[in-house]
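Here's the structure we're looking at; comments come further down.
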Amino acid sequence: QVQLVESGGGLVQPGESLRLSCSASGSISAMAWYRQAPGKQRELVAGISSSGRTNYVDSVKARFTISRDNAKNTVYLQMNSLKPEDTALYYCYHAFGYWGQGTQVTVSS
């Protein structure tokens with residue numbers, strides 16, 4: 001069993017940045033960030049393989065960056081140029097099927 005704890009969410013204005021962190025209680029594997037906005041389905045935002053290969057949903061390309069620190073069992077999501085449509089509950093996902101509890105990101109003026 002691996003426990004995932006997200007942090008770093010908050011309320012920001014459009015154009016600002018946030019960095020989300022996901023700390024795992026054990027070794028990390030392929031990891032991903034998902035988000036779910038009210039009334040919408042959960043969607044994959046970004047993923048990173050064990051070797052560091054990354055992929056992003058089109059709407060966040062060039063704005064978000066996923067990275068990993070294997071020594072710290074932590075995955076990050078750097079979010080720049082945030083938009084109101086980025087508002088959602090962001091979840092960390094471990095490829096072995098584990099989910100974090102989510103961290104809220106709200107982008108509003």
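A single hydrophobic cluster is seen to contain both W99 and L89, as judged by linkage of ILVMFWY side chains at heavy-atom distances under 4.5 Å, directly or through other members. Note on M79 and V12: same hydrophobic cluster, where clusters join Ile, Leu, Val, Met, Phe, Trp and Tyr whose side-chain heavy atoms are under 4.5 Å apart, directly or indirectly. Y56 and V75 fall within the same hydrophobic cluster, defined by Ile, Leu, Val, Met, Phe, Trp and Tyr side-chain heavy atoms under 4.5 Å apart, directly or through other members.
The pair D86-K83 does not count as a salt bridge, with every side-chain nitrogen at least 4.0 angstrom from each carboxylate oxygen.
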Ignoring hydrogens and angles, write down the donor-acceptor pairs under 3.5 Å from the side chains of residues 41-48, residues two or more places apart or on other chains.
| unit_1 | atom_1 | unit_2 | atom_2 | d |
| --- | --- | --- | --- | --- |
| E43 | OE2 | R35 | NE | 2.7 |
| E43 | OE2 | R35 | NH2 | 3.1 |

Show me the side-chain donor-acceptor pairs of residues 14-29 shorter than 3.5 Å, one per line, residues at least two apart or across chains.
| unit_1 | atom_1 | unit_2 | atom_2 | d |
| --- | --- | --- | --- | --- |
| E16 | OE1 | Q13 | N | 3.0 |
| S17 | OG | N80 | OD1 | 2.9 |
| S25 | OG | Q3 | N | 2.8 |

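For T74 (side chain) and K72 (main-chain N/O), a donor-acceptor pair under 3.5 Å exists by modelled atom type. Side-chain atoms of Q78 never come within 3.5 Å of backbone atoms of T65 as a donor-acceptor pair (strictly under, hydrogens ignored).
Side-chain N/O atoms of T106 and S108 include no donor and acceptor closer than 3.5 Å. R68 and N70 form a side-chain donor-acceptor contact under 3.5 Å, judged by distance and modelled atom types alone.
The aromatic ring centres of Y90 and W33 sit 6.0 Å or more apart.
Y76 belongs to no multi-residue hydrophobic cluster, having no ILVMFWY side-chain contact under 4.5 Å with any other such residue.
Inter-residue side-chain proximity for Y91 and Q101 is flagged as unmet; no heavy-atom pair is nearer than 4.5 Å. In this structure the side chain of L4 reaches within 4.5 angstrom of the side chain of M31, judged on heavy atoms.
To the nearest 0.5 Å, atom CD1 of residue I66 and atom CG of residue N55 are 8.0 Å apart. Taken to the nearest 0.5 Å, the OH atom of Y34 stands 13.5 Å off from the CG atom of L77.
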